[in-house]
Amino acid sequence: MPRTRAAVAAPTPVESYLAELSRALSGPRRRKADLMAEAHDHLVDATEAFEADGLSRLDAEREAVHDFGDLRDVVPGYRAELGIAQGRRTAVMLCLVLLAQPIVWQEGVWAWTQHPESANAFVALMNQLVMVVGMLAIAGAVLALVATGLGLRYAAVRDRATRATAIFALISCVLVGGISICLGASSNELHGSALGGLSVVGAFVLLPLSLVTRSAHRCLRLTLA
């Protein structure tokens, strides 16, 4: 007769609790890993303390899990921590993307920016708009970094800072992306290029902004979960 496989050991109460906690959380991997490690260490320490008081290992783990708290009470706090981390990441990404934009619009860098004198009034207006909106977005992203930093210390700021950062990033991406498309399309019309400006805008503006948008959506999910 074929050998029967050894029965797989059932997960312990601590293992089951940590697995459920991990499934309930999403967000920046590094921050989530840190939070899970902290929860694991706390539960192990509590289990050892209960064992020292005379409980069996199984009962000690059950008591440790009970003391740690019901997942319905624990998960929101962990999600708030992950939301702050995601908000900071979103703000940093927005800053980096926008700080690189002057290179995209610098005169003479690309074929479609080598003849600024040929630009019409609409292109001139869009150029001014992209600079103003970009500067305001950078300033807002810096403020978001400060706000999310304070959010780690003050619970009252936490959710609001994360949500505001996400909404601000989404609005900035839409405005900068829309203006950039208008500029790219106008430069094609001016210089007769089939791809020209739009290809540069797509690669150096829209693609990076799409990554910021994705991060901002994750922020909103964490604050609304």
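Below, each value reflects all heavy atoms present in this structure, side chains not excepted, and no hydrogens, waters or symmetry copies. Bear in mind that the values here come from a model prediction, so they are computed numbers and not experimental data.
Here the shortest heavy-atom pairing between Glu61 and Val14 reads OE1-N, 3.1 Å. The shortest non-hydrogen separation linking Met36 to Leu18 is CE-O, 3.3 Å. Summarising the geometry of Ala137 relative to Phe168, their closest heavy-atom pair is O-CE2, 3.5 Å, with the distance given to 0.1 Å. Summarising the geometry of Ala64 relative to Leu43, their closest heavy-atom pair is O-CD2, 3.6 Å, with the distance given to 0.1 Å. Contact detail for Tyr17 and Gly69: the closest heavy-atom pair is OH-O, 2.6 Å. When all heavy atoms of Thr90 and Ala216 are compared, the closest pair comes out as OG1-N, 3.8 Å.
By the ring-ring contact (aromatic ring centres under 6.0 Å, His included) test, His217 is found to be paired with no residue, residues two or more places apart in sequence or in another chain being considered.
Residues Met131 and Ile138 fall within the same hydrophobic cluster, defined by Ile, Leu, Val, Met, Phe, Trp and Tyr side chains chained together at heavy-atom separations under 4.5 Å. Hydrophobic clustering of Ile, Leu, Val, Met, Phe, Trp and Tyr side chains at less than 4.5 Å, counting indirect connections, unites Val205 with Leu211. Leu136 and Leu125 sit in two unconnected hydrophobic clusters of ILVMFWY residues. Membership requires side-chain heavy atoms under 4.5 Å apart, directly or through other members. No continuous path of ILVMFWY side-chain contacts below 4.5 Å connects Val201 to Leu207, so the two sit in separate hydrophobic clusters. Residues Val44 and Leu58 do not share a hydrophobic cluster, clusters being chains of Ile/Leu/Val/Met/Phe/Trp/Tyr side chains in contact below 4.5 Å.
A donor-acceptor pair under 3.5 Å is formed between the side chain of Lys32 and the backbone N or O of Ser22. Under a 3.5 Å cut-off, the side chain of Arg79 and the backbone N or O of Ala24 do form a donor-acceptor pair.
One finds the OG atom of Ser180 at 11.0 Å from the CG atom of Leu129 (value rounded to the nearest 0.5 Å). Atom CG of residue Leu25 and atom CD of residue Glu81 lie 11.0 Å apart, to the nearest 0.5 angstrom. Here Arg62 contributes atom CZ and Ser16 contributes atom OG; the two are 10.5 Å apart, rounded to the nearest 0.5 Å. Note that CZ of Arg89 is 12.0 Å distant from CZ of Arg31, once rounded to the nearest 0.5 Å. Taking CG of Leu209 as the start and CG of Leu94 as the end, the distance is 7.5 Å to the nearest 0.5 Å. Here the CG atom belonging to Leu71 is positioned 5.5 Å from the CD atom belonging to Glu20, to the nearest 0.5 angstrom.
A heavy-atom distance below 4.5 Å is found between the side chains of Thr213 and Leu170. The side-chain heavy atoms of Gln86 and Leu82, taken from C-beta on, include no pair separated by under 4.5 Å. Within the 4.5 Å cutoff, the side chain of Leu206 has heavy atoms near those of the Ile181 side chain. Using a 4.5 Å heavy-atom threshold, the side chains of Glu63 and Asp59 count as separate. Contact of the Leu222 side chain with the Ser26 side chain is registered, since non-hydrogen atoms from C-beta on lie closer than 4.5 Å.
Each of Ile167, Ile84, Leu220 was scored for a side chain to side chain contact (heavy atoms under 4.5 Å, CB included) with Thr162, with one residue passing: Ile84.
Sequence neighbours left out, the pairs with a member in residues 41-65 that pass ring pair (Phe, Tyr, Trp, His ring centres under 6.0 Å) are His42-Phe68.
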